[in-house]
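Following: one structure in structure tokens, then a few remarks.
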Amino acid sequence: MPYYSLIPTTLWMTPKEVCNMLKKLGLEGWFSAHFAYGIVQIVFIPMMVPSFILARTGSATDAGLAMGLFGLAGLFAPVIGMLADKYKAHRLAQLFGMVSYLLAGACFLVAGSNFAMMAAGSIFFGTGSAILLMLNPVFITFAGYDAKTEASKLGRMAQVLIIGSLLSGIALAYVTDLGWSYELRFMAMMAIVAVLAVITMLTNKKPAQRILDNAEAMAAAAAEEDAPKVGFVKVIFSNFGLFLLAVGLLCAGQGAFQAQYPNLLENGYGVAQSLSAANLSVASILGLVILVAAEKFVARFGNLSLFKLSAVASIVVIGIAYVIAEAGMSLHYIIPLALFLVYLQGITVTDMISPAIAARLTFVGGGFDSRSDDVLHLTWLRSWQCDQWYRG
């Protein structure tokens with residue numbers, strides 16, 4: 001048997017064949033941008049940035065300040081989104097998000113004990129994360145897909161994020177145990193993001209063009225209907241604005257929960273932090289399955305119905321958890337873990353469907369409209385910042 005027969009078939013595929021295989025799986029090459037977001041935002045930043053700053057400066061206050069700057073940097077993202085709409089530069093904006101990660105890594109590489117460089121790196125990290133969080137869903141929600149296809153692609157993209165966070169979490173733990181220095185870990189992150197950026201730019205040209213074609217079609221339809229111009233104030237005081245408020249409140253609660261998750265379970269329910277961490281891993285794996293079910297639900301009942309179901313389930317779970325904690329009930333640890341496992345799935349579903357609902361509730365450009373998703377996620381990022389300041 002020839003040696004090459006043992007090599008996976010995919011290694012012998014042409015780029016076109018690989019693309020066709022990905023399409024059959026409901027994936028697109030540019031999902032690599034969301035894979036990068038999962039690696040950096042979900043795992044690398046919370047695990048590396050505060051600990052690096054604390055190790056080099058010895059100041060928890062500096063660590064908290066850097067995380068505050070990280071969140072505030074997200075305010076640049078809506079501006080970049082609007083510029084991307086105005087100049088039809090969605091591909092460049094997406095690339096800038098990933099380049100921001102590289103610039104952030106470079107700042108930390110040369111920082112030494114210089115907090116100014118660490119602060120600059122935190123700002124670049126925050127800018128990159130906010131841009132990718134805001135812009136990646138736009139490539140789907142403003143591409144003119146039917147509801148079923150849109151739900152499927154949003155689900156696949158969310159699954160790519162989960163897989164990226166799982167793999168990077170395992171890899172980061174492994175290289176840390178091997179004794180890799182902070183610098184080596186930052187360099188590894190930069191190398192991975194650089195490769196993913198190249199893949200993104202090689203595969204996002206057609207998706208970006210779909211945004212422009214769909215925008216032209218929507219503008220033409222609006223012109224035929226002689227639709228009135230929509231200003232910022234009118235957008236805010238509309239169904240979209242009400243949705244913005246609803247998801248903002250929901251994400252504020254989710255953010256407070258995520259910021260104190262291990263402390264909450266340990267002090268409120270007597271659950272060891274090791275079990276809380278294991279529950280997060282279970283939640284990530286379960287999320288892959290839940291997203292498939294969410295796609296089918298959306299195809300049958302619509303995005304808004306799933307959002308309502310997710311919101312009600314989240315409120316019920318938190319209500320039950322509050323009663324248990326307030327009454328001081330002594331329950332088996334499986335019960336609070338199961339409750340919060342359900343709540344974590346609500347967060348996953350909310351992240352998946354919010355951009356799609358926002359896209360349908362208002363008629364504005366992709367970067368502008370996706371500001372809802374950006375601002376809503378900044379809500380929990382700011383909650384996390386407050387926690388970092390408090391601990392600092």
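Ring planes of F186 and F108: parallel class, angle under 30° (limits at 30 and 60°). Aromatic ring pairs are classed by plane angle as parallel below 30°, tilted from 30° to 60° and perpendicular above 60°; the pair Y101 and F125 is tilted. Relative orientation of the W30 and F139 rings is tilted, given thresholds of 30° and 60° on the angle between their planes.
In the hydrophobic cluster analysis, where Ile, Leu, Val, Met, Phe, Trp and Tyr join through side-chain heavy atoms closer than 4.5 angstrom, L286 is grouped apart from I170. In this structure, L344 is not a member of the same hydrophobic cluster as V292, with clusters built from ILVMFWY side-chain heavy atoms closer than 4.5 Å. In terms of hydrophobic clustering, with Ile, Leu, Val, Met, Phe, Trp and Tyr side chains grouped at heavy-atom distances under 4.5 Å, V282 and I285 are assigned to a common cluster.
Checked by atom type and distance alone, the side chain of S129 never pairs as donor or acceptor with a backbone atom of G126 at under 3.5 Å. In this structure, the side chain of R91 engages the main chain of M201 through a donor-acceptor pair within 3.5 Å. A distance-only check finds a donor-acceptor pair linking the side chain of T203 to the backbone of I199 [under 3.5 Å]. A donor-acceptor contact shorter than 3.5 Å is absent between the side chain of Y37 and the backbone of I131.
Contact check for I163 versus L288: side-chain heavy atoms found under the 4.5 Å cut-off.
Salt-bridge formation is detected for the pair R156/E295: a Lys NZ or Arg NE/NH1/NH2 atom is positioned less than 4.0 Å from an Asp or Glu carboxylate oxygen. We find that R56 and E183 are joined by a salt bridge, their nearest charged nitrogen and carboxylate oxygen being less than 4.0 Å apart.
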task = For side chain to side chain contact (heavy atoms under 4.5 Å, CB included), just list the numbers for I45 and M67, CA-CA rounded to whole Å, side-chain angles, deciding distance to a tenth of an Å, and then say yes or no.
result = CA-CA 9 Å; I45 292 172; M67 296 312 296; 4.0 Å; yes
I would like to know whether L212 and H90 meet side chain to side chain contact (heavy atoms under 4.5 Å, CB included); could you show each step before the answer? CA-CA 9 Å; L212 301 180; H90 298 90; 4.0 Å; yes
### Task
Check step by step if ring-ring contact (aromatic ring centres under 6.0 Å, His included) holds for F31 and H34.
CA-CA 5 Å; F31 284 7; H34 221 52; 7.9 Å; no
| said: For T57 and M118: C-alpha separation, side-chain torsions, deciding distance, then whether side chain to side chain contact (heavy atoms under 4.5 Å, CB included) applies. | reply: CA-CA 10 Å; T57 67; M118 299 176 199; 3.8 Å; yes
Q) Does the side chain to side chain contact (heavy atoms under 4.5 Å, CB included) test come out yes or no for I140 and T149, once each step is laid out? A) CA-CA 9 Å; I140 297 174; T149 302; over 6 Å; no
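Of the N and O atoms on the side chains of T127 and S100, not one donor lies less than 3.5 Å from an acceptor on the other residue.
The environment of M117 atom CE is dense: over 12 non-hydrogen atoms of other residues, nucleotides or ligands sit within 6.0 angstrom.
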